[in-house]
Amino acid sequence: MTKSDHQTKPIYQQIYTVVKEIPVGRVATYGQIGHVAGCSTPRMVGYAMAGLPKGTDVPWHRVINAAGKISPRGNPISSEIQRQLLQEEGITFTKSGNVNLNTYRWSGPTWEWLVEHGLDPEGLINR
DNA sequence: CTGATGACGGTGC
DNA sequence: GGCACCGCCATCA
């Protein structure tokens with residue numbers, strides 16, 4: 001992950017900003033974040049998350065994959081932490097360890113919010 | 001500059 | 001429902 005200064009990259013800042021908009025008790029998928037942030041591919045979101053500093057104020061734990069599960073990463077401990085944080089926010093997991101996206105998925109930012117951040121809401125149609 | 005890698009997603013079998 | 005492959009593009013060696 002290299003604590004390099006990739007935060008200087010606008011795309012990263014954009015992703016972080018969107019993630020911060022996710023309300024407590026809700027989750028969003030990498031694809032959704034990427035879509036809202038204007039990324040052409042969800043991989044960029046995952047890459048951006050991987051570059052987050054330890055004491056970040058970005059609620060990275062609210063970002064999960066399209067399967068509604070916590071993405072397995074090199075350090076399994078972090079996965080457990082993420083699961084715990086979500087449970088503390090009232091999110092429940094199934095036996096398979098996946099979240100019910102149909103219930104907890106974030107509806108996304110408002111049209112107004114997108115305009116304020118210079119994004120083009122026309123392609124998003126808000127959910 | 002070239003090549004490898006990655007917290008993903010969608011499609012096909 | 002699960003597994004394998006491909007594409008996507010920023011970052012790093």
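Quick note on labels: first sequence line is chain A, next is B, and so on, each numbered from 1. Values reported hereafter were calculated over all heavy atoms of this structure, with side chains retained and with hydrogens, waters and symmetry mates removed.
- Side-chain contact check for A/Ile33 versus A/Ile22: some heavy-atom pair is nearer than 4.5 Å.
- Taking only side-chain atoms of A/Tyr47, from C-beta outward, the nucleotide of B/dA7, B/dG10, C/dC12 with the closest atom is C/dC12.
- When atom types are taken as modelled, the side chain of A/Gln82 and the backbone of A/His61 share a donor-acceptor pair closer than 3.5 angstrom.
- Atom pair A/Asn65:CG and C/dC8:P shows a separation of 21 Å (rounding to whole Å applied).
- Separating the CD atom of A/Gln13 from the P atom of C/dT11 is a distance of 12 Å, rounded to the nearest angstrom.
- One atom, CD1 of A/Ile77, and another, C1' of B/dA7, lie 16 Å apart when rounded to the nearest Å.
- Closest contact between the side chain of A/Ser71 and the listed nucleotides B/dA7, C/dT11, B/dG9 involves B/dA7.
- As rounded to whole Å, 18 Å separates atom P of B/dG6 from atom CG of A/Leu52.
- In this structure, A/Lys69 places its NZ atom 17 Å from P of B/dA7, rounding to the nearest Å.
- Taking the side chain of A/Met49 as heavy atoms from C-beta on, and the options B/dG9, B/dA7, B/dG6, the nearest nucleotide is B/dA7.
- At whole-Å resolution of the value, CD1 in A/Ile33 and P in B/dA7 are 17 Å apart.
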| message | Does A/Glu88 form a side-chain hydrogen bond (donor to acceptor under 3.5 Å, both in side chains) with A/Gln84? I'd like the steps, not just the answer. | response | CA-CA 6 Å; A/Glu88 287 179 19; A/Gln84 186 182 325; 3.1 Å; yes

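- The separation between A/Trp60 atom CH2 and B/dA7 atom C1' is 9 Å, rounded to whole Å.
- Using cut-offs of 30° and 60° on the angle between ring planes, the pair A/His117 and A/Trp113 is parallel.
- Picking from C/dC9, B/dG10, B/dA7 the nucleotide with the shortest atom distance to the side chain of A/Ala66 gives B/dG10.
- Relative to the side chain of A/Tyr12, the nucleotides B/dG9, C/dC9, C/dT11 differ in distance, and C/dT11 lies closest.
- With B/dG9, B/dA7, C/dC8 as the candidates, the nucleotide lying closest to the side chain of A/Pro42 is B/dG9.
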